[in-house]
Novice: 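I'd like to ask you about the structure that follows.
For clarity, every value in this text was computed on a predicted model and none was experimentally measured.
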Amino acid sequence: METETRTLELVFPEHANPGGNAFGGFVLGLMDKVGSYAAIRRARKRCVTVRVGEVVFEVPIKVGDLLEVVAKVVRVGRTSITVEVEVYRENLKEAKVLATRGNLTYVAIDAEGRPTPVDPVE
């Protein structure tokens, strides 16, 4: 089963404050989206976000930066999946660097929206 998901996103002016720094909410939204993809791939079921753990913004993200969002499943519980998400920033002047990291937890749900077990075997 797949346990990692990646995507790329470019930071546009509408994603940033007047100083040109990306809004934290924009970055968190990317982390949640890609994290959910990793959880869904692992569970093979619909998943919902239940927890956003500590998120650390290591370096500023600016308009024009290219972001690589990498989500890896790090723990599988009975109905929950914890995903570590890292956001790397790169641009034309600097090499790729870790910009943001955090852990998010998802719960697999059935058609009625109730928690449902995740297959423990990978």
Novice: Is there a side-chain contact between Val56 and Thr100 (heavy atoms, below 4.5 Å)?
Specialist: no
Novice: Does any part of the side chain of Leu30, heavy atoms only, come nearer than 4.5 Å to the side chain of Val87, both counted from C-beta?
Specialist: no
Novice: Measure the shortest side-chain to side-chain distance between Val83 and Asn103 over non-hydrogen atoms and say whether it is less than 4.5 angstrom.
Specialist: no
Novice: Is Tyr37 linked to Met31 within one hydrophobic cluster, defined over Ile, Leu, Val, Met, Phe, Trp and Tyr using a side-chain heavy-atom separation of less than 4.5 Å?
Specialist: no
Novice: Is there a side-chain contact between Val52 and Asp32 (heavy atoms, below 4.5 Å)?
Specialist: no
Novice: Verify side chain to side chain contact (heavy atoms under 4.5 Å, CB included) between Ile81 and Arg75, making sure each step is shown before the conclusion.
Specialist: CA-CA 6 Å; Ile81 297 173; Arg75 182 185 166 281; over 6 Å; no
Novice: Hey, mind stepping through Val70 and Tyr88 against side chain to side chain contact (heavy atoms under 4.5 Å, CB included) and telling me if it holds?
Specialist: CA-CA 8 Å; Val70 182; Tyr88 294 89; 4.2 Å; yes
Novice: Do Leu8 and Leu67 have side chains that get closer than 4.5 Å, going by heavy atoms?
Specialist: no
Novice: If I take atom CG from residue Asn91 and atom CD1 from residue Ile61, how far apart are they, to the nearest 0.5 angstrom?
Specialist: 11.0 Å
Novice: Looking only at atom types and distance, does a side-chain atom of Arg42 sit under 3.5 Å from a main-chain N or O of Val76, one as donor and one as acceptor?
Specialist: no
Novice: Checking the side chain of Arg78 only, and the main-chain atoms of Val118 only, is there a donor and an acceptor separated by less than 3.5 Å?
Specialist: no
Novice: Would the number of heavy atoms belonging to other residues, nucleotides or ligands and lying under 6.0 Å from CD of Glu54 be above 12?
Specialist: no
Novice: Which heavy atom of Glu14 sits nearest to which heavy atom of Phe23, and what is that distance?
Specialist: O-CE1, 4.2 Å
Novice: Applying the side chain to side chain donor-acceptor pair (under 3.5 Å) test to Arg101, which of Glu86, Glu58, Glu84 qualifies?
Specialist: Glu58
Novice: Do Tyr106 and Val50 make a side-chain contact, defined as non-hydrogen atoms from C-beta onward lying under 4.5 Å apart?
Specialist: no
Novice: To check you understand the geometry: which heavy-atom pair defines the closest contact between Ala108 and Ala43, and what is its length?
Specialist: CB-CB, 4.3 Å
Novice: Count the heavy atoms belonging to other residues, nucleotides or ligands that lie under 6.0 Å from CG of Leu92, then report whether that count exceeds 12.
Specialist: no
Novice: Rounded to the nearest 0.5 Å, how far does OG1 of Thr7 lie from CD of Glu68?
Specialist: 9.0 Å
Novice: Decide side chain to side chain contact (heavy atoms under 4.5 Å, CB included) for Thr5 and Arg41; before the verdict, give the C-alpha distance in whole Å, the side-chain angles of both, and the deciding distance to 0.1 Å.
Specialist: CA-CA 9 Å; Thr5 303; Arg41 288 176 103 182; 3.4 Å; yes
Novice: Where is the tightest heavy-atom contact between Ala71 and Gly35, given as atom of each residue plus distance?
Specialist: CB-CA, 3.8 Å
Novice: Treating Asp65 as the side-chain partner and Lys62 as the backbone partner, does any N or O pair qualify as donor plus acceptor under 3.5 Å?
Specialist: yes
Novice: Could you state the interatomic distance from NZ (Lys45) to CD1 (Ile40), rounded to the nearest 0.5 Å?
Specialist: 13.0 Å
Novice: What's the shortest heavy-atom distance between Leu10 and Gly64, and which atoms?
Specialist: CD1-O, 3.6 Å
Novice: When you measure from the side chain of Asn17 to the backbone N and O of Gly20, does any donor-acceptor pair fall under 3.5 Å?
Specialist: yes
Novice: Determine the sole option in Val11, Val59, Leu66, Leu98 for which the side chain to side chain contact (heavy atoms under 4.5 Å, CB included) test with Arg89 is passed.
Specialist: Val59
